[in-house]
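Step one of this worksheet: look at the structure below.
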Amino acid sequence: MSVQKVKINFEHCYGIHKLCSDFDFSKSNMQLIYAPNGTMKTSFAKTFKDMGDPRGKTKPHDQLDETLQSTYKVMVEDNGGNERDITPDEIKVIKSYDESAFKSEEAILTLLANKEIRQQYVDIFKELDDEKKSALSPLKRITGSSNYEQEIIDSFSDPGTKKRSIFEVLATIIDDVKQSNSTFDFVYNHIFDPKGKVRDFLSENYNLLKKYSDKYNELLSSSQFFSNNGERAFGTIEASALCNSIKGDEYFQSGHKLSLKDGTLVDSAEKLSEVIDNEIKKVFDNQEIKDIFDKIDKKLQGNQELRNFKKVIEKDKTLIAKLTNYNEFRKEVWYSFLKQVEPGVSSLVENYNTKKPDIEAIVAVANGSKGLWDDTIEEFKTRFTSLPFSFDIKDRGDAILGKSAPTVIYKYGDRLVDQDVLTDRILSQGERRAFYLLNVIFDIKSREKENKETLFIIDDIADSFDYKNKYAIIQYLNDLNKNENFKSIVLTHNFDFYRTLQMRILASGRWNYSFIAEKNDGEIRLLPGGDRVITNPFDKWRSECGEDEKLLIAAIPFVRELYGHQKGSESQEYLLLTHLLHDKEADSQNSIPATHNISLSDIESVFVYMLNVQFEFPDKTKKVIDIIFSVADQIQQDPHDGICLEDKIVLAMATRLLVEQKILTHIERPSNISKNQFWELYNVFRDQFGSDETKKGILDVLEQVNIITPANIHINSFMYEPIIDIGIDELVCLYERVKALYE
């Protein structure tokens, strides 16, 4: 893709009220967005999904207010500064999971296809197809059916077996066509209707038809003109064919005569026609056969197909006797129809037989060929380990040569299974996602082979994968990033995955090409997410917390966790820092001061030991809790921009300390709390005042504090995603609500 920039302007698109952002792809083919749940990720992907639909079936819109005018503008800029609208076929959205994506026939075919082999095949069949069209086109007029080619194939294909091509069928039946002497002049679909109504009628009334056929053959056998010895019959149809074959008097004018078995000599076409008509009349004037016909006739009123059939047999009652074997009669009819175009069919078959060795050689090469599809499968198996399913292409040669759509056969262990059974009943969620991802890879590889310029929108593709297989996905994303035709915007709500992609793929460019989505009053802002303070804030906190009050407070929960790992949760250092996360009195030995009495000097040695940092604060007698509330008040007043990790931690700490103080003004401090203090205080307050309507507002605030603040305080270097997920404005609002309880 020659695209250097992608410029997005979305308004009122699903959950996005406003998002304007430019993505610079000049030095990186991939951009990352960390989007906490509920921010914009799904709405962003859905908007692009609609834009990428060439049918334009669904337009991006606001799902709650249809009166709002939606804007969905995506411009691409090339390296010459030229701008244009992105086209639907340049957009490909890859969702975290999509059951409808399990149909990859077109992509698989692209990966299978050997263009050279296929072109040889196409060249041969182009000549055959042109000749076939010339030879068979009269059949439309003869049969009254425009689907004559498929009807011929179906008529000579056994159920459950692989259907043959029209050329194979004609080559097989050409001798029978040449020997055919039957003549039929009905519309093909009036007996062999596509809906199968006539077939069903014949099946339901088989006994009646059999009775008619038996009587008909009995009359032929007893006739002085007709005959039926059980193997060969000379009946009404054969007699009519004889009459047609010597139509006119040329045969008789040449001195020829026909001698019938009763001794009668026939010396003219008129006399022959008269004899045959009289003999046919004798057969069908038989009362028993007339009664059977009337019974059949009365049943043919159900629908249009049966009424059409009725007209055919009323015109020619001889057909009924043949309908007891519907499929064989169908073949006989086609022999008759093809007989009328025999010269063209014979020439076509001869040409096909001449080319058949070349065709078979091409098919053999196609069946044995290995292509990009096989490489894709092998790569997938190598990267995704311990998956219990496998697959292959059925009739690979046919798929490669375009004779049929590629059909994938699936195995679970050693057993063949249907795809629906595999995905719906057998595979785990992670295995289904891996199977889905394979279909995505087919699509990507197909686009790669066709050099199709694409903007990929990748929505949490690693969701629900274990760590081992997440790295397989990272490998694929790294492959994607190397293709200059591909640009991608990867969205995730997994901060660990986000950081991994930054380090493994973006590397030195991670500072410029990764973002964190933040929602503020409905508007989405993409904040720089590559700053080292975001991806690894602890380096800055450790080096500067000895002189910066905000960073010192933000580091308290982290240092506490380190002491918990090193010395345990009963160590003096751990308990001291815990007194700064909860409102506590001094311990029974008075070795740990009450929360409101802890000063900077009390925690200095704790930080010096763990972080090797020196306190540079001028007044070390200053109470830490006063610093906490002072910094929190300043954060509340300042404008908020960026991720503000330390701001969020300070606000969470101040909020919980303040609300615990409020609770303790209403209840007596329990003496037996050893852990989960806020939860215990909350339960005591709820038990005492849960039915007090005047305290309902306090309870509502307590519930919010209980839900939001713990995840923002109990942090370590491996898991601080909850701090990113929650917006700074939400924490400021909660802090203000807690402060309002004191008014």
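Since the structure is predicted, the reported quantities are computational estimates derived from the model, not experimental observations.
In terms of heavy-atom proximity, L501 sits nearest to L477 at CD2-CD1, 3.8 Å. Heavy atoms only, all atoms of each residue included: I457 and A45 are closest at CG2-CA, 4.3 Å. When all heavy atoms of I461 and I94 are compared, the closest pair comes out as CD1-CG2, 3.5 Å. Summarising the geometry of S569 relative to L575, their closest heavy-atom pair is O-CD2, 3.5 Å, with the distance given to 0.1 Å. In this structure, M51 and Y72 approach most closely via the heavy-atom pair CE-O, 3.8 Å. When all heavy atoms of T595 and H582 are compared, the pair lying nearest together is OG1-O, 2.7 Å.
Looking at E703 and Y682, their side chains do bring a donor and an acceptor atom within 3.5 Å of each other. For the residue pair S630 / D633, no side-chain donor-acceptor distance below 3.5 Å is found, with atom types taken as modelled. Using a 3.5 Å distance cut-off with no hydrogens or angles, the side chains of S514 and Q502 do pair a donor with an acceptor.
Remark: E668 CD is loosely packed, at most 12 non-hydrogen atoms of other residues, nucleotides or ligands lying under 6.0 Å away. In this structure, K620 places its NZ atom where more than 12 heavy-atom neighbours from other residues, nucleotides or ligands lie under 6.0 Å away. Heavy-atom contacts from other residues, nucleotides or ligands closer than 6.0 Å to CZ of R504 number 12 or fewer. More than 12 heavy atoms of other shown residues, nucleotides or ligands fall within 6.0 angstrom of atom CG in D687.
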Pair N483-E448, side chain to side chain donor-acceptor pair (under 3.5 Å): steps then yes or no: CA-CA 8 Å; N483 190 315; E448 187 174 45; 3.3 Å; yes
Evaluate side chain to side chain donor-acceptor pair (under 3.5 Å) for K739 paired with Q636, printing each intermediate quantity in order. CA-CA 11 Å; K739 289 176 70 175; Q636 175 193 356; 2.9 Å; yes
How far apart are the C-alpha atoms of K622 and E549, what are their side-chain angles, what is the distance that settles it, and do they pass the salt bridge (Lys or Arg N to Asp or Glu O under 4.0 Å) test? CA-CA 11 Å; K622 196 172 184 180; E549 290 184 343; 3.1 Å; yes
Could you walk me through whether V559 and E573 pass the side chain to side chain contact (heavy atoms under 4.5 Å, CB included) check? CA-CA 9 Å; V559 174; E573 296 89 345; over 6 Å; no
For side chain to side chain contact (heavy atoms under 4.5 Å, CB included), just list the numbers for V608 and Q614, CA-CA rounded to whole Å, side-chain angles, deciding distance to a tenth of an Å, and then say yes or no. CA-CA 6 Å; V608 170; Q614 299 298 321; 3.9 Å; yes
Could you give me the CA-CA distance, side-chain angles and deciding distance for E83 and K5, then say whether salt bridge (Lys or Arg N to Asp or Glu O under 4.0 Å) is met? CA-CA 9 Å; E83 288 190 2; K5 288 184 179 180; over 6 Å; no
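Using a 4.5 Å cut-off on side-chain heavy atoms (C-beta onward), P557 and M653 make contact. Side-chain contact between L19 and L526 is present, with at least one heavy-atom pair separated by less than 4.5 Å. Looking at V74 and N9, their side chains never come closer than 4.5 Å, going by heavy atoms from C-beta outward. A heavy-atom distance below 4.5 Å is not found between the side chains of L731 and Y735. Counting heavy atoms from C-beta on, the side chains of S26 and N79 never come closer than 4.5 Å. Residues K487 and T454 have side chains not in contact (no heavy-atom distance under 4.5 Å, counting atoms from C-beta outward). Side-chain contact between C20 and I524: absent, with no pair of heavy atoms (C-beta onward) separated by less than 4.5 Å. Side-chain contact check for E77 versus V3: every heavy-atom pair is 4.5 Å or farther apart.
The pair K95-D460 does not count as a salt bridge, with every side-chain nitrogen at least 4.0 angstrom from each carboxylate oxygen. Salt bridge present: D692 and K695 bring a charged side-chain N and a carboxylate O closer than 4.0 Å. Remark: E660 does not engage K584 in a salt bridge, criterion side-chain N to carboxylate O under 4.0 Å. Salt-bridge formation is not detected for the pair E646/K550: no Lys NZ or Arg NE/NH1/NH2 atom is positioned less than 4.0 Å from an Asp or Glu carboxylate oxygen. Under the 4.0 Å criterion applied to side-chain N and carboxylate O atoms, D700 and K696 are assigned as salt-bridge partners. A salt bridge links K445 to E379: at least one charged side-chain nitrogen sits closer than 4.0 Å to a carboxylate oxygen.
Between the side chain of S543 and the backbone N or O of D539 there is at least one donor-acceptor pair closer than 3.5 Å. Between the Y742 side chain and the L658 main chain, a donor and an acceptor come within less than 3.5 Å of each other. Checking side-chain atoms of Q31 against main-chain N and O of D24 turns up a donor-acceptor pair under 3.5 Å. Remark: the backbone N or O of T621 is not paired with any side-chain donor or acceptor of S599 at under 3.5 angstrom. For the pair D587 (side chain) and I592 (backbone), a donor-acceptor distance under 3.5 Å is present. Not a single donor-acceptor pair under 3.5 Å links the side chain of Y14 to the backbone N or O of M40. Remark: the backbone N or O of N494 is paired with a side-chain donor or acceptor of T492 at under 3.5 angstrom. Of the possible polar contacts, one joining the N683 side chain to the W679 backbone as a donor-acceptor pair under 3.5 Å is found. Of the possible donor and acceptor atoms, one in the side chain of S571 sits under 3.5 Å from a partner among the backbone N and O of G568. No donor-acceptor pair under 3.5 Å is formed between the side chain of S488 and the backbone N or O of V490.
Distance check, rounded to the nearest 0.5 Å: CG of L32 to OG1 of T500 gives 10.5 Å. The CZ atom of F607 lies 6.0 Å from the CG atom of L577; values are rounded to the nearest 0.5 Å. Considering CZ of R525 and CZ of F515, their distance stands at 14.0 Å, rounded to 0.5 Å. Residue I444 holds its CD1 atom at 7.5 Å from CG of L437, rounded to the nearest 0.5 Å. Between atom SG of residue C13 and atom CZ of residue F44 there is a gap of 10.5 Å, rounded to the nearest 0.5 Å. Rounding to the nearest 0.5 Å gives a distance of 10.0 Å between CD of Q572 and CD of E570.
Exactly one residue among I556, I625, I627 makes a side chain to side chain contact (heavy atoms under 4.5 Å, CB included) with L580. That residue is I556. Between D583 and the options K662, H596, R669, a side chain to side chain donor-acceptor pair (under 3.5 Å) holds for only R669.
The aromatic ring centroids of Y498 and Y34 lie less than 6.0 Å from each other. Between F456 and F486, a ring centre-to-centre spacing shorter than 6.0 Å is recorded.
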